[in-house]
Structures are given as C-alpha cells and as structure tokens.
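The chains referred to below are lettered A, B, ... by the order of the sequence lines, with proteins before strands, and numbering in each begins at 1. Any value given below was found using the heavy atoms of this structure, including those in side chains, with hydrogens, waters and symmetry copies removed.
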There are 2 protein chains.
Amino acid sequence: MRLGDDIIQDEYTPDEGTLQEDEKMLKYQKIAEDMEHYIIDNALRQGDKLPVLEDLRKKYEVSKSTITKALELLEMKGIIYQVRGSGIFVRRHRRKGYINLDENQGFRSGLDDFQLTSEVLGLEVVAPSEEVMANLSISAEEPVYQVKRLRFIHGRPLCIEESYYKKSVVPFLNEQIVSESIFTYLREGLRLKIGFSDNFFHIRKLDEDEAELLALKTGDPALYYESVYHLPNGEAFDYSKLVYNYQEAQFYLQINSLS
Amino acid sequence: MRLGDDIIQDEYTPDEGTLQEDEKMLKYQKIAEDMEHYIIDNALRQGDKLPVLEDLRKKYEVSKSTITKALELLEMKGIIYQVRGSGIFVRRHRRKGYINLDENQGFRSGLDDFQLTSEVLGLEVVAPSEEVMANLSISAEEPVYQVKRLRFIHGRPLCIEESYYKKSVVPFLNEQIVSESIFTYLREGLRLKIGFSDNFFHIRKLDEDEAELLALKTGDPALYYESVYHLPNGEAFDYSKLVYNYQEAQFYLQINSLS
DNA sequence: TTGATAAATTGTACCGGTACAATTATAATG
DNA sequence: CATTATAATTGTACCGGTACAATTTATCAA
C-alpha cells in the first residue's frame, strides 16, 4: 500500500484567517485564558498576588464556582497556586529552553521561541508490528501510518522520531503535513481532541545508525522516550518513539500534589 | 555548626500503630480511595466500566458534586477517565518497574515492590551555595541541611542524591531518618504537606567520581534530575539533584490534556 | 515591644438545583 | 438489513447557597 492513494479529503491549510479563540469556549476557559494573559502582559512574577476570588467573581460576573473552575485549570497548568485564607498567587518558575512535558501537544508551548524544523525520513501506511499492536491495543488487521522524522532545533539535530497513527483515527497524512506540526494538524485540521497520554523514558547508548542521524558518536548517551496518546474516549491512536540528542534536550515538568 | 546540636524534638517512630487513614479525610477523598481499592481488589483493567455517577451518588449518599470531585481526583491520578454521555472507565496502563513521576513523594508509589535502600554519604547543616540560594530563593544567612545519599535498588546503585532542606522548615534530621525515607518523615513526622514541585532533567556523561559511586565507567550516560519542592503556601523548602544509573532508571509519566 | 487572643479575610467542602452536550440505545423508515 | 431519525442515558457547565478551615490582621494584656 502506498501513501495517499486511497483517501480523498478537504485540503488542510494551516492558520486560516485569524486565530479564532476556538468555536465555543466555555466561560471558565475564557476566564483562565484572560487571567493568563493578564499575568504575562503585566510580567507578574512568582509570589505576586492576584485579586481575591470575590473580586474576580464581580469582575467576570459569574458565579463563585465558575471562578473556582478557572483557577483550578490555571493551577493544573502551573500558572498559579492558591492558599486558603491567604489568596491567589502567581507561579512562574520555568527555566528558559526546557521542553515542557506537562502539556501533551508535541513541543507547542515549551519551545515557542525556538526554530523547530523536520526532515521526513519516511511516511507510509503499514501493518502494525507486535510492538505497535501492543501499545495501541490493536490487531494485525488495523492499518497504521508510520512516520519517521528527524527533528531539528535551530538547525541542529534534536531527536529521531518514529510514530504510528491509527489510520481509522488519522485517515490522511502527507509529506507537507508531516514536515510541519502533526499535532497542529490533528487539532485544527481533524478537529481532534487529545484525552491523555502515557509516557515512558530511560537512558541508553546510541547505536551506529542513530548516532549518524544525530551527528553524534556510537555509544553516546541518549534519552529514549515513548508515548501513547489517547482520545478523550480512551482509545489509543498514536504510539511514538523518540531518541533525543543529549546535547540539545532538556526537560521541564511541574508536579502538583494531588490532595 | 554540627549536626543535631541545637534542636530538641519529640522522637519520631515510623509506622506507629495501624495505618490511620489520616486524621480527617474529606468525603471526596474517602470516596476516591474506596473506589481505587475497589478497582485494585477486583483487578479491573483498562476500559472496564464503573458505576454511573447517579449510582455512585446513591451508594455513597452524598451530593453529585462530591462524587464529581472524587472522580476528578481519580482522573488526575490517572486511575480513571470519564466520557460524557458514556460513562466512567478504568485507566491502568503502567508498565511494571517504572518510577512514577506524577506523585511527588520521592519513590513512594512507583517502586512499591522494590527493595530501596540508602547509604548516607553526608549529613550536615551548611550555608547555602549560590546555586542553592537561587533555587530555594533564600539568602546566604538562611541555613540548610545538606544530605548526600547513594540509593540502591535491590542492592544495585540507582542514583546519587544531593539534597538541600531549609532548616527553618525541616529543623531536624539525623542519620537514621535520612537512611530511610525522608519524605515519609516529612509527611508523618513533621506533618508537612507538599504543594507542588518543579522538575528539570537532561542527559549527560558521568564524571570520574560519579562513575565510581554508581559502579559505572567515566563517560557513561546518566540522567541528571533536579527538583524544587514547595509547601502549599508556595515556599520552596527542598532542592535536590539526582544522578541516575542509566541501567536501572526508567520513568513513567501520565499526562492529562488540560481542557 | 512582645505575645497571646479575637476578629476579619479568604479559599475549600459540600449541598442541590437547571440546562445542556455527547454518546448510546431505540424506533422508524426505506 | 442497513440507514436515519428519535429518545434515553450520562457526564459537564454553571448557578447560588451554607458552613468551615487556614491565614492574616486587629486588639488587648503584660
């Protein structure tokens, strides 16, 4: 089976028109976004105090629980923290240049400032291997897209990526989509939502082929990172394996205590 | 300043009596815990359906919003996922033997089954270095405990740990506490709650000293992991640097899409 | 000035309600 | 029997309320 010989679909053009704030944003989402902008625009720093709940309620003219919901969201995102009896405070502690693992949207937020490019090494529809079958919980009959890419940051090799997408969920991919951001396409082109992901990683040494692609030496260290992405209904649709250049990759992760 | 020469404090004996379910558990916490036990005891698997919200409400005799809160907690912990219009489902996907990064309690949950031991390499009260001052946001006058440990898993070296605790928050540490679980002591001995943590990591090569401690070779790969732990009120109290043995360390991380 | 005590502030737990959106089951239709 | 329309199921958004716990501020005593 060859690439793109069976599916007809409306073409996808990224960034069509202005950045519409999604079709239907919920109240608490809008409030959270607005507050985040406020924090950024006013360059607030760790520990700075935000208006108290009651004032926010008056300002946005919603009920207390809607404000609470917005604040929960911001808290989970690591943008604020709340202290009972005291107030709401800004929590910004990210070091620059670190890949943020908290939001499973590829590299969207952590590396905004960076020049990310991709070289497509392979793109085809294949039958799943045992490994892919296990991780995506599918049978041998379920076809998947196999995507191999070499990703660059500022022109330097960042990682080797080998991804598998269930064709029933992602029916069409082409060279252009894959050379840009696949997740942007999933989100905006297919209007696909992501539910959650499982992520595994460990360290190992590069083999000869990997080393050559990353312009490193055989035996050099590497971070080996696996992800399984699920739709909101729990269905796994993407299994990805990444091998990171140890000289370029540094990661950030914010963890909240689950009360 | 020498160790333990200035603070008198009630002695700490771990596991005093039976595992009391904390002094005052909230309704939604108890429900979440009960449901988690139910899932484990009945060996439910990924995708298995749980009772619908209304039935849970009747069973636990609480309001809908309390059930919702409990389910939110379980969702954040990666134990369930909810699908609107469909139901509540079990989400268990952890590979065995991986360190779980989601819950910031040291190695508590991810490595339950494993034999974790520690060799204390150093324990003293010191003035903070520039690096510690920056990460804990303290001045040179604020004393900190410095703890150096070599941690073993099944008797094999897992990581080198160098930790700094603000003495104003953790006024007392001794060899025995430090040779066991520091976080258990913080939680149960000091009744300290953790708010959130910032975590950073990257890959690098071992230097000579590190290699010797980990029984590896100079230049071998290693995961270099830094954490800054904060109290619920936002105060940073612990800065830790870990160097992981690449042969033993593998990590798991569950990420939810923040709607 | 210090330190305890009381009061005000402020976020969280919990209730119970309406409306609605996404899914699934059922009925109708060809 | 497959397809489509309809209805029932089920979780989520949002409201507005009471009670309470943790923190901060104000007050008072020594």
**Student:** Please work out if L71(B) contacts a base, only the sugar-phosphate, or nothing of the nucleic acid, heavy-atom cut-off 4.0 Å.
**Tutor:**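 If one applies the 4.0 Å heavy-atom cut-off, L71(B) turns out to touch nothing in the nucleic acid.
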**Student:** Where each residue is assigned the nucleotide of DNA chain D containing its nearest heavy atom, which of S86(A) and I67(A) is assigned the position nearer the 5′ end?
**Tutor:**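 Upstream on the strand: I67(A).
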**Student:** For K64(B), report the nucleic acid contact type (base, sugar-phosphate, nothing); a contact means any heavy atom under 4.0 Å.
**Tutor:**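 Counting heavy atoms under 4.0 Å across all strands, the contact made by K64(B) includes a base.
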**Student:** Both Q82(A) and V83(B) contact DNA chain C. Taking the nearest nucleotide for each, which residue is further toward the 5' end?
**Tutor:**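 In this pair, the answer is Q82(A).
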**Student:** Would you say the side-chain atoms of Y239(A) and E131(A) include a donor-acceptor pair closer than 3.5 Å?
**Tutor:**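 Yes, E131(A) and Y239(A) have a side-chain donor paired with an acceptor closer than 3.5 Å.
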**Student:** Between the side chains of D34(A) and Y60(A), is a donor N or O closer than 3.5 angstrom to an acceptor N or O?
**Tutor:**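 Short answer, yes.
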**Student:** Which whole-number value in Å describes the distance from E54(A) CD to dA8(C) P?
**Tutor:**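 E54(A) atom CD is separated from dA8(C) atom P by 17 Å.
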**Student:** Parallel under 30°, tilted from 30 to 60°, perpendicular over 60°: which one fits the rings of F196(A) and Y81(B)?
**Tutor:**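 Because their plane-to-plane angle lies in the 30° to 60° range, the rings of F196(A) and Y81(B) count as tilted.
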**Student:** Please give, in whole Å, the distance from dA22(C) C1' to K24(A) NZ?
**Tutor:**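 After rounding, the gap between these two atoms is 14 Å.
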**Student:** What orientation do Y165(A) and F237(A) show, parallel under 30°, tilted 30 to 60°, or perpendicular over 60°?
**Tutor:**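 Taking F237(A) first and then Y165(A), their aromatic rings sit tilted (interplane angle of 30° to 60°).
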**Student:** At the 4.0 Å heavy-atom cut-off to chain B, mark where contacts on DNA chain D begin and end, going 5' to 3'.
**Tutor:**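 Nucleotide range with atoms under 4.0 Å of chain B: dT9(D) to dA13(D).
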**Student:** Find the distance between CG (N42(A)) and CG (D48(A)) and round it off to the nearest 0.5 Å.
**Tutor:**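 Nearest 0.5 Å value for the CG-CG distance: 10.0 Å.
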**Student:** What are the two closest non-hydrogen atoms of Y164(A) and Q146(A), and how far apart are they?
**Tutor:**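 Looks like OH-NE2, 2.7 Å.
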